[in-house]
Amino acid sequence: MSGAEKITVRILVNGEAREALVEPRTLLVDFLRENLNLTGTHIGCDTTYCGACTVLLNGRTVKSCTLFAPMADGGEITTVEGLSSKDGALHPVQNAFAECHGLQCGYCTPGLLLSTVHLLSKVAKPTEKQIRKAIAGNTCRCTGYQNILKAIRMAAGEMEKR
């Protein structure tokens, strides 16, 4: 689509001010992956079903495959790349997923991690029902979810100690 009007999108991503000139129809997932080179956010289904594209926008989980980048202009986004600390230490949720084998192929992992971070930012000791509801928008085709649930419970315990 040559000659299409482009607009500047400015977003705080993982604590860093970022901007790019994009077509108004650019999806947030494409903005993150192609314009900002943050490829941890995955494209799985383009329908919001799988949750591989989940990011935090202004503290809430969103499916970036169905949100236009200009809709996030002026917002604050956390991607999976933003979970670890500046010194490279993993976030407690990342550690728990690794410890509990809460991932296999890893394709769904970024979305599950961010959904878990969001849940634990709201509920320190989530019930099984709350955990299942929080990750309901994330599909994992490799695991039986048991280790994912175990990892979330472990992360909740670790974060409570902080």
With no hydrogens and no angle check, is any side-chain donor or acceptor of [X] less than 3.5 Å from a backbone partner on [Y]?
{"X": "Tyr145", "Y": "Gly102", "value": "no"}
{"X": "His91", "Y": "Val93", "value": "yes"}
{"X": "Gln130", "Y": "Thr127", "value": "yes"}
{"X": "Asn58", "Y": "Gly75", "value": "no"}

| field | Stepwise side chain to side chain contact (heavy atoms under 4.5 Å, CB included) check, Leu149 with Arg132 | value | CA-CA 8 Å; Leu149 298 172; Arg132 288 181 181 275; 3.2 Å; yes

Is the shortest heavy-atom distance from the side chain of [X] to the side chain of [Y] under 4.5 Å?
{"X": "Phe68", "Y": "Thr26", "value": "no"}
{"X": "Pro126", "Y": "Leu120", "value": "yes"}
{"X": "Arg10", "Y": "Thr8", "value": "yes"}
{"X": "Thr48", "Y": "Cys65", "value": "yes"}

Name the atoms and distances for all side-chain donor-acceptor pairs under 3.5 Å in residues 134-141, with sequence neighbours left out.
{"residue": "Asn138", "atom": "OD1", "partner": "Ser115", "partner atom": "OG", "Å": "2.9"}
{"residue": "Asn138", "atom": "ND2", "partner": "Gly51", "partner atom": "O", "Å": "3.2"}
{"residue": "Asn138", "atom": "ND2", "partner": "Gly111", "partner atom": "O", "Å": "3.4"}

| field | CG on Leu57 to CD1 on Ile11, rounded to 0.5 Å | value |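 Output value for this atom pair is 7.5 Å.
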
| Roughly how far apart are Met159 CE and Leu119 CG, rounded to 0.5 Å? |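 If I round to the nearest 0.5 Å, the distance is 9.5 Å.
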
| So, Asn14 versus Thr79: side-chain donor-acceptor pair below 3.5 Å or not? |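 Yes, because at least one side-chain N or O of Asn14 sits under 3.5 Å from a partner of the opposite role on Thr79.
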
Contacts table for residues 28-38: side-chain donor-acceptor under 3.5 angstrom, sequence neighbours left out:
{"residue": "Arg33", "atom": "NH1", "partner": "Thr39", "partner atom": "O", "Å": "2.8"}
{"residue": "Arg33", "atom": "NH1", "partner": "Thr41", "partner atom": "O", "Å": "2.8"}

| task | Would you indicate whether Glu99, at its atom CD, is surrounded by more than 12 heavy atoms from other residues, nucleotides or ligands within a distance under 6.0 Å? | result |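 Counting other residues, nucleotides and ligands, CD of Glu99 stays at 12 neighbours or fewer.
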
